[in-house]
Structures are given as C-alpha cells and as structure tokens.
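For reference, the structure discussed in these notes is given below.
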2 protein chains.
Amino acid sequence: MSTAVAPDGALRIGDVARLVGTTARTIRYYEEIGLLGEHATRQSGSHRVYSEAEVEHLREVMRLRSLLGVSLDELKTLVEAEEARKVLRAEVQAGVEDPLRLHSLLTEALGHLDDQLALVRRRASELNGLQADLEERRGKVEDRLRALQPR
Amino acid sequence: MSTAVAPDGALRIGDVARLVGTTARTIRYYEEIGLLGEHATRQSGSHRVYSEAEVEHLREVMRLRSLLGVSLDELKTLVEAEEARKVLRAEVQAGVEDPLRLHSLLTEALGHLDDQLALVRRRASELNGLQADLEERRGKVEDRLRALQPR
DNA sequence: TCGACAGTTTACGTGAACGTAAGCTTCATG
DNA sequence: CATGAAGCTTACGTTCACGTAAACTGTCGA
C-alpha cells in the first residue's frame, strides 16, 4: 500500500462524491452552473479541495433537489438562503457587529427560509394527502379480502 | 360561434389535457410508452376518446410522478396497481364470482398498494424531516433577530 | 525525485421527456 | 354537404442533467 489516496485531512472531489453519494462529474457540473457558491479561487488545473461545510452544503442541495423535484435552475434561487447564511457567518466571524447590517442579513435569510418552507409544506401536505388516499384504498381492499374469508 | 368544439359528452385529447393540466403530446407519449392501459382499440387516424375513469387514472399517474419523482419507466410498474383494480372491476362487473380468482386479484392489488405506500411513506418522512430542519433554522434566525431588537 | 492514482479541462455523446412542424384526416356544426 | 377547428401520424428538434473519452497534469508517499 502506497498510493496517493488521501492528502492529509483535505477532501478532494472523489471523496466528496463518495460522501454524498454522487459522481465527480455531477459536482463539477453543479459548480459550473453556479450551484456551489464560489469556493476559494483556485488555480486552473489544480485539484479542488472541499471543507466539511461545503460537503454539508452539497448534501443540502441534493436533498432539496430530490425532495422538491425542482430543476437545478430553480434550485439556484432556492439555495441563495445558504449563501446568505454563509455571508452572515463570515461577517460575524470577521467581527462585524453593525446591528443594521446584521438585521438586514438575518431578514434576508429569513425570507429565503420562508420560501423554502412554503414549497416544502405544500409538498408535504400533498404527499400526506396521497398517503392517506392510498391507505384508504388499502383498507378497502383488505375489507374485501376479509369478507371473502370469514375464518 | 359555431365551431366543432365539443362532440357531445365525449372527452377528446385536448379536453383531457386541459382537465389534468398537461398537453396532448404528453398524453400521446404516455400512451405510446404504455402508461395508460390499452383503452378500447381505436381505428388508426380516428380521434381518441376518454372516459372520466381514464381521466382519473391519468391524474393519478401525474400525481404519483410529481410527488414521488420517479421516471416514467418506474412509474409503469407502479401503476400496475391501477391495472389490477381495473381488471378486478371488469370481472366483478361481468359477474365473475369465483372466490379464488377474486382473492388472487385482491391480493395482487394489495401488493401493489403496499409498494406504493412504502415509497410514499419514505418520501413523506424525509420531507417531514426536511420541514422540521427548516423550521428549526427559521426559529434560530428569528431568535437572533429578536435579540437584536429587544423592543 | 519519481511513480501512479486521482484530478483537470475540453468536448462530444446520451437518455428521458417531451416540443414542434408538416401534411393529412375526422367530425360536429351550420 | 361543406367547413374548419381540433386531432392524427411521422419525424426531427430540444432541453436538462449529466456520462464518457482523451489528453494532459497535480500531488502525495516512498
């Protein structure tokens, strides 16, 4: 054993792909269309490296995509929430404490979250409706089966 | 006003498209790939006519597709449940009363319903999980906003 | 330093799910 | 029975979301 598998602690594109259950191509594609906010400018040709936070972001993106069934384009506007949170974190980390600025950032994040929630709630209620319908049908079929075999 | 809009009571493809919110092309495509169980053989060239039951079936197909996010191919196996129910209805209507036959048909329908339910339940729980996560985040953002403006 | 595995860019290919156009035909209505 | 809106078939076009191949590095452990 002596291959260039793991750098040290850094995550490369293949590692991330395995972690979130996708392919390197998909990650590059998502980056290409701007789904993964500009991560530290990188020398063209050099390897992409990812932080744990970026992996989490990607997971969230794929989760939203899978559960909401939206196009990657619609998703772009949806994940602006994450961008807003990132900016927020960065500024707080950097010591910015202007309450007006913070208020604006928080309000923006709140708006994005509400957008996401509206979508999710509607979908969830539709899905729960479907589930109820199916369960009702199932019950009826079961009743008819029981009626066939009284014992 | 004097156009060949509505036949009499029969539904044509354009009517159905409007009713379920899709296009005639899509309906023809679904028929082509076998998503809409063979409806009464039709002379090539003559207009397609649909019963209310077929409209309902199409609605269900699109509902499953939209909410489960499955491919049309996967959907084909999923909607076999509807086919089973259709066969059941037809046979009962035709006076078949062989209990073994009925039992077999009902059991088949039950199996298909359970398949659908398994999918739906998993999705529903994932979506509810997502909703909970988003609501938690929303709560935290709100807390921070309140902390900014004590009054 | 070197070897090779994993990564990079570029570009063309692909499958799914329809859109669209052309030319012709039904069919309810006046 | 004439007419025209809507439908039919056939076939090629299109968009999205990646897959895949080629030719070339970057990078880490030995």
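All chains are named by letter (A, B, ...) in the order of the sequence lines, taking the proteins before the strands, and each is independently numbered beginning at 1. When reading the values below, keep in mind they use all heavy atoms of this one structure, side chains included, and skip hydrogens, waters and symmetry mates.
Checked for salt-bridge contact, A/Arg59 and A/Glu56 meet the test: a charged N lies under 4.0 Å from a carboxylate O.
Note: CZ (A/Arg28) to P (D/dG19) measures 11 Å, nearest angstrom. The CG atom of B/Leu36 sits 14 Å away from the P atom of C/dA17 (whole-angstrom rounding). Whole-Å rounding puts the A/Glu32 CD to D/dC18 C1' distance at 10 Å. Taking atom CG of residue B/Leu35 and atom P of nucleotide C/dA16, one finds them 13 Å apart after rounding to whole Å. Computed from coordinates, the B/Ile27 CD1 to C/dG19 P distance equals 11 Å when rounded to whole Å. The OH atom of A/Tyr29 sits 21 Å away from the P atom of C/dG7 (whole-angstrom rounding). Across the protein-nucleic acid pair, A/Glu31 atom CD and C/dT10 atom P stand 12 Å apart, rounded to whole Å. Across the protein-nucleic acid pair, B/His47 atom NE2 and C/dT25 atom P stand 12 Å apart, rounded to whole Å.
Mapping A/Ser44 and A/Leu72 onto DNA chain D by nearest heavy atom places A/Leu72 at the nucleotide closer to the 5' end. Comparing A/Ser46 and B/Ser46 against DNA chain C, the residue whose closest nucleotide sits nearer the 5' end is A/Ser46. Both A/Ile13 and B/Asp73 sit near DNA chain C, but only A/Ile13 has its closest nucleotide nearer the 5' end. Comparing B/Gln43 and A/Ile33 by the nucleotide of DNA chain D that holds the closest heavy atom to each, the one mapping nearer the 5' end is B/Gln43.
Dashed line: the shortest gap from a side-chain N or O of B/Thr23 to OP1 or OP2 of C/dG19 is under 4.0 Å. At the phosphate of C/dA17, neither OP1 nor OP2 sits under 4.0 Å from any side-chain N or O atom of B/Thr26. For the OP1/OP2 pair of C/dT9 and a distance below 4.0 Å, the side-chain nitrogens and oxygens of A/Arg42 include at least one atom meeting the criterion.
When atom types are taken as modelled, the side chain of B/Lys140 and the backbone of B/Glu135 share no donor-acceptor pair closer than 3.5 angstrom.
A donor-acceptor contact under 3.5 Å links the side chain of B/Arg25 to the base of C/dG19.
Closest approach of A/Tyr29 and A/Leu72 over heavy atoms only: CE2-CD1, 3.6 Å. Across all non-hydrogen atoms, the minimal contact from A/Ala124 to B/Asn128 is CB-OD1, 4.0 Å.
Within the model, atoms CG of B/Leu134 and CG of A/Leu119 stand 10.0 Å from one another, a figure rounded to the nearest 0.5 Å.
Within 4.0 Å of A/Arg48, counting heavy atoms only, lie sugar-phosphate atoms of the nucleic acid but no base atom.
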